Q: 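Sharing a structure below in structure tokens format, with a few things to ask.
Residues take their numbers from the sequence shown, with the count starting at 1. Please read these numbers as outputs of a predicted model, since none were measured by experiment.
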Amino acid sequence: EEEEVVTEEEVVEIFTDVDSTSEYYDALKYLKDEGIIGGYPDGSYKPNTTINRAEFTKIVMGSMSTPDELETCMTHYMSEGDYMIRLFFDVEFAAVGGNAPDWYFNYVCQAKKMSIVGGYPDGTFKPAQEINFVEAAKIITRSVFGEEVGTSEPWYKTYVMVLEDWNAIPTSLTTFNQNLTRGEMAEIMYRLKAEVTDKASLTYEELT
């Protein structure tokens, strides 16, 4: 009697540190195929690394804005005779001398222009600060659905409830203010943009 040969399923790699065995494989493959993410120069993606507000805004706005919209956004905030373009106290650009703005400037500009981000009460944006789940929920929800989803107490409840309705809250999250990883960010965006609603998801009540 011949022994049955069991062949292992081929493991497909999309980044040097992400293959088809990863919990984020479907999300990352979709976003990469759509040109929304590209990974790092060394070919990795680092799905378990936290993401800051500038990186997050770049990915979200890059997925929904044209290059022309991004390039021309700053003219919306440029006053005649004034070459200093200040989006927030810590996000500004002096449009003189042939210098270039910070790599994230145009993305934050477009996000502000579309009322997707509003900054903090002190007038800052804090681009280098890690983004937490509820901040990300607000930005993603506004960008995907294109409008304010209503006010609530606490302020983030309506945004989290939208993600709950779409089964888009990764089960790796435990708290509202948990800093988001690059993998979790990709998972949320994938579920909303590809309308994937059959994956395990948390509810508002399950978070603390």
Q: Check whether any side-chain heavy atom of K58 lies under 4.5 Å from a side-chain heavy atom of W103, and answer yes or no.
A: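 Counting from C-beta outward, K58 and W103 do come under 4.5 Å.
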
Q: Within the structure provided, determine whether K32 and Y45 are in side-chain contact (heavy-atom separation under 4.5 Å).
A: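 They are not in side-chain contact.
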
Q: Using every non-hydrogen atom in the two residues, find where A168 and I188 come nearest and quote the distance to one decimal.
A: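 Heavy atoms only, the tightest pair is O-CG1, 3.4 Å.
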
Q: Going by an N to O cut-off under 4.0 Å, is there a salt bridge joining E153 and K157?
A: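 Result for this pair is no, no salt bridge flagged.
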
Q: Where do R191 and S201 come nearest, in terms of heavy atoms and distance?
A: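 Residues R191 and S201, closest heavy atoms: NH1-CB, 3.7 Å.
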
Q: Please report the shortest heavy-atom distance between D17 and P47, naming the atom on each side.
A: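 It is OD2-CD, 3.6 Å.
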
Q: Is the F15 to Y40 ring centre distance short of 6.0 Å?
A: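 Ring-ring flag for F15/Y40: false, centres at least 6.0 Å apart.
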
Q: Check whether any side-chain heavy atom of F89 lies under 4.5 Å from a side-chain heavy atom of D122, and answer yes or no.
A: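 They are not in contact (no side-chain heavy atoms under 4.5 Å apart), so the answer is no.
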
Q: So which atom in K199 and which in E23 form the shortest heavy-atom distance, rounded to 0.1 Å?
A: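 Minimum heavy-atom separation between K199 and E23: NZ-O, 4.4 Å.
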
Q: Hydrogens and angles aside, do S44 and D42 bring a side-chain donor and acceptor to less than 3.5 Å of each other?
A: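 Note: S44 and D42 side chains meet the donor-acceptor criterion.
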
Q: At what distance, to the nearest 0.5 angstrom, does CE of M185 lie from CG of L180?
A: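 Here the rounded value is 7.5 Å.
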
Q: Are I51 and Y120 joined in one hydrophobic group, where the rule is that I, L, V, M, F, W and Y side chains link up if heavy atoms are under 4.5 Å apart?
A: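 They do not share one cluster, since no chain of ILVMFWY contacts under 4.5 Å joins I51 to Y120.
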
